[in-house]
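First up is the structure itself, then whatever we jot down about it.
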Amino acid sequence: MTDRYDHDAIELKWQKKWEDAHCFEAKDDFSLPKFYPLIEFPYPSGAGLHVGHPRSNTALDIIARKRRMEGFNVLYPIGYDAFGLPTENYAIKTGRQPELVTAENIARFRTQLKRLGFSFDWSREVNTTDPAYYKWTQWIFLKLYEHGLAYKAEIPINFCTSCKVGLANEEVVDGVCERCGGPVIQKVRSQWMLKITAYAQRLIDDLDTVDFIDRVKTQQINWIGRSEGAEVDFRIKGVEDTLTVFTTRADTLFGATYMVMSPEHPLLAKWAGSIQNIAEVKAYQAASARKSDFERSELSKEKTGVPLAGILAINPINGETIPVWISDYVLMSYGTGAIMAVPGHDARDWEFAKKFHLPIVEVVAGGDVQKEAYTDCGTGVMVNSGFMTGLQVEEAIEAAKAYLEEKGIGRRKVNYKLRDWVFTRQRYWGEPIPLVNCPACGWVPLPYEQLPLELPHIENYQPSDDGSSALSRAVDWIHTTCPKCGGPAEREADTMPNWAGSSWYFLRYADPHNDSCLASPEKLRYWTPVDWYNGGMEHTTLHLLYSRFWHKFLYDIGVVPTPEPYQKRTSHGMILGENGDKMSKSRNNVINPDDIVRELGADSFRLYEMFMGAFDQPIPWSNSGAQGCRRFLDRVWRLQDMLTDGEGIRPAMQPAVHAAIKKVSEDYERMKYNTAIAAMMSLVNDFYAKGDVTKAELHTLLTLLSPVAPHICEEMNERLGYAIPMYITPWPAWDPNALVKDTIEYGVQVNGKVRARLALPAGLPTAEIEKQALAQADVLPYLEGKAVRKVIVVKNIINIVAG
RNA sequence: GCGGCUGUGGUGGAAUUGGCAUACACAACGGACUUAAAAUCCGUCGGGGAAACCUUGAGGGUUCGAGUCCCUCCAGCCGCACCA
């Protein structure tokens with residue numbers, strides 16, 4: 001037999017066998033125990049599969065295969081998230097239709113994924129750009145609209161000057177476009193919004209009911225940004241109006257020495273006639289409008305602002321008259337767009353007050369408010385605060401809230417940083433929004449039976465510089481009749497963001513060909529929720545949050561049976577280039593999976609991706625590491641030459657084999673793939689040390705290894721003469737008795753340092769163990785002239801305390 | 001600034017959750033086989049060295065015993081960031 005196995009022949013042979021046998025197709029037999037693992041469906045980019053995809057795919061393929069071997073009915077599906085900018089940009093660049101490009105990219109991805117031998121149920125493939133699929137994306141949108149969760153708003157949005165498209169807050173990273181890195185400016189535009197904020201509290205609370213890794217939970221909680229506080233109404237002199245602020249520190253009301261409004265605050269227009277320096281105010285507003293949010297915070301070192309001359313507020317807690325300013329350090333998008341400024345106890349207010357010589361009043365003792373704001377409130381005691389003086393901060397917050405409510409000048413309020421989801425894009429390659437704007441009836445939804453509203457073919461789908469939608473040029477399509485009154489009307493020309501199709505795709509897998517509902521209730525009841533979802537951390541505040549929101553909505557309207565979509569969420573670390581940098585074309589450090597598969601085979605590739613390091617950590621790629629994994633599989637292959645006639649697992653091999661079963665079984669479940677593989681390598685080393693292996697011993701190894709390297713294991717299993725293919729071979733159990741050793745190797749310590757090793761038969765009385773340890777020749781010199789105070793025997797450690 | 005994560009050989013990383021630090025690999029080196037190379041097999045491989053001893057980013061603490069727990073720093077990565 002040759003030293004190296006022929007990976008191409010073996011892998012292609014088994015991939016064909018699996019496909020012909022349809023053995024990985026999930027069965028809609030509701031009497032079986034089910035398991036639904038899910039990986040994030042890929043975006044089929046023109047670059048082909050990235051080495052990052054197989055990391056997640058292999059990890060859950062291992063779990064999926066193991067579950068089948070344990071008797072579960074497994075649904076491990078795959079699909080394509082194919083709408084979106086990169087495809088459209090690529091199509092524009094090459095002058096080809098996006099649907100053609102998409103079809104090609106999907107075909108390439110499918111070939112690449114199949115070549116890696118994932119046990120996907122290919123009969124359930126979904127594609128978000130398929131009208132039969134986006135029919136239901138549109139259907140969900142209409143349901144959201146029907147329930148008042150989709151609304152049109154004239155708001156300043158983030159606009160990427162390079163992609164020429166509006167972006168959600170989540171898509172703006174460091175002031176630039178997440179996708180292309182282009183500068184993002186604010187543009188006021190009429191947009192469809194989804195009221196995700198209505199679900200803010202439930203999105204936090206229900207994290208308690210699911211098994212997500214802590215990083216994901218904390219990141220979502222921080223993103224939603226709940227804070228408890230109070231709204232306080234300030235009377236404004238001169239305009240007979242009220243200005244409401246939000247504060248988490250109602251205790252500091254006595255320290256509020258001025259107020260600040262955001263330059264965009266709507267009351268400013270109303271008060272314009274009474275503002276004596278209105279020209280100056282307008283100039284400041286105009287200057288702020290030109291800045292992006294990013295510039296505003298970048299310039300945070302230096303605060304700017306203008307006082308509203310002629311406008312004065314009355315602090316409701318003490319009746320004092322205080323000035324009102326505008327400044328862009330106050331954001332319209334949070335709270336009420338106005339604040340009460342407490343410079344003594346807020347760093348930003350302090351900075352502003354110092355610059356503009358506004359009074360600073362101490363209301364919590366403990367710092368020096370003339371030197372810096374005293375924001376630490378842990379043990380602080382109130383001063384200069386009327387009825388609150390002498391209270392602890394926590395008590396004062398309560399007292400102040402109670403006071404506000406009693407006097408009717410304020411109320412308890414919870415605020416969230418989370419903002420509603422800007423749901424429209426001005427690009428071509430997305431789901432059309434199934435709404436019609438009728439001059440007589442306003443916005444009218446398409447009747448459900450008219451779905452899908454198909455994306456029209458147009459010649460020129462380039463985005464326009466002015467930010468208007470590409471579809472607005474599809475004149476024949478735009479002009480339609482109102483479904484309600486039959487009069488002439490126009491379709492919505494914006495499309496959905498590509499987060500739309502991915503917000504519910506896991507539901508479609510349960511029933512992908514259903515044309516009468518998004519998935520049948522029985523199938524959803526059986527298959528959902530997803531049992532285990534693995535994906536990237538970068539989707540924590542995007543896809544993961546959006547899809548939880550949609551799912552909760554679908555639960556509320558009775559479409560899905562559970563309030564949460566995913567029972568368990570884990571995350572993989574990114575694979576870096578060999579030099580430790582992020583892989584990118586510009587850094588010239590991209591590893592192409594095809595090359596690795598060609599050279600080493602799919603099994604070695606999968607094995608290395610799991611062995612390279614801790615699954616949840618970022619890891620640099622290493623070509624020689626990958627070769628080492630191939631070397632291991634060759635070593636496994638050559639075990640066939642070392643077969644001996646022994647029956648079953650020989651007594652001498654029992655501890656090693658059963659320890660491996662235990663280790664591998666447990667480590668797969670904990671996603672400790674690297675140590676599971678190390679354990680199998682050790683077992684193989686044991687076989688080599690012994691010089692031979694029995695059929696049963698080898699078969700056990702192959703069974704454990706088959707989820708990671710399925711092709712070579714199937715081939716060897718067949719050659720060993722086993723009739724049952726690996727993928728339905730029962731997962732082995734370990735025998736605890738086989739792990740019990742009859743001798744125990746103790747480390748003998750004196751005062752915590754190992755001085756000797758001692759092998760003793762198991763089950764000796766402690767007194768005897770101590771006696772033996774104290775008699776060790778290697779130990780005696782360290783006991784010279786010392787009294788033995790105590791001997792501690794724990795597990796396989798004997799510690800002699802002497803002094 | 002806030003939140004999270006990480007720090008162990010030349011490299012990727014192990015360590016049964018407080019119990020013999022450096023498993024398993026990669027790289028390197030030596031040997032066998034070969035005319036030779038590749039492949040393969042067998043060895044060596046934290047530092048220091050005659051031994052003692054030292055070693056998990058630094059310093060302190062708890063403990064019979066600390067990579068692991070506590071405190072104070074340092075460095076790096078990621079997320080959020082004028083959120084009132």
Which nucleotide in B/G19, B/U17, B/A25 has an atom nearest any side-chain atom of A/R670: B/U17
Nucleotide nearest A/I339 (side chain, heavy atoms from C-beta), chosen from B/A84, B/G12, B/C82: B/A84
Side-chain N or O of A/K413 closer than 4.0 Å to phosphate OP1/OP2 of B/A84: no
Per A/Q749 side chain, nearest of listed nucleotides B/U6, B/G19, B/U40: B/G19
For atom CZ of A/F687 and atom P of B/C24, their distance in whole Å: 16 Å
Nearest listed nucleotide, side chain of A/A614, among B/A14, B/A84, B/G12: B/A14
Closest to side chain of A/L331, choosing from B/C64, B/C82, B/G3: B/C82
No-H, no-angle donor-acceptor pair, A/K417 side chain to B/C80 base, under 3.5 Å: no
Check ion pair A/E351-A/K303 (N to O, under 4.0 angstrom): yes
Nearest-neighbour nucleotide for the A/S227 side chain, B/C82, B/A84, B/C24 considered: B/A84
Phosphate-side-chain proximity, A/N674 and B/G12, N/O vs OP1/OP2 below 4.0 Å: no
A/Y673 vs A/F611, ring pair (Phe, Tyr, Trp, His ring centres under 6.0 Å): CA-CA, chis, key distance, verdict: CA-CA 6 Å; A/Y673 303 107; A/F611 182 63; over 10 Å; no
Distance test, side-chain N/O of A/R4 to OP1/OP2 of B/A38, below 4.0 Å: no
Residue-phosphate contact under 4.0 Å: A/R215 side-chain N/O, B/G3 OP1/OP2: no
A/R631 side chain near B/C41 phosphate (N/O to OP1/OP2, under 4.0 Å): no
Distance test, side-chain N/O of A/R755 to OP1/OP2 of B/C53, below 4.0 Å: yes
Selected nucleotide, minimal atom distance to A/V794 side chain, candidates B/A84, B/G19, B/C26: B/G19
Mutual orientation of the aromatic rings belonging to A/H539 and A/H543 [parallel < 30°, tilted 30-60°, perpendicular > 60°]: perpendicular
Phosphate-side-chain proximity, A/T541 and B/G79, N/O vs OP1/OP2 below 4.0 Å: no
Phosphate OP1/OP2 of B/A23 contacted by A/N685 side-chain N/O (<4.0 Å): no
Nearest listed nucleotide, side chain of A/Y688, among B/A27, B/C41, B/A25: B/C41
A/K753 side-chain N/O to B/A52 phosphate OP1/OP2 under 4.0 Å: no
Whichever of A/A679 and A/N751 has its nearest RNA chain B nucleotide further upstream toward 5': A/A679
Listed nucleotide nearest any side-chain atom of A/D328, set B/C82, B/C64, B/G12: B/C82
Upstream residue (5' side of RNA chain B) when A/I792 and A/N415 are each assigned their closest nucleotide: A/I792
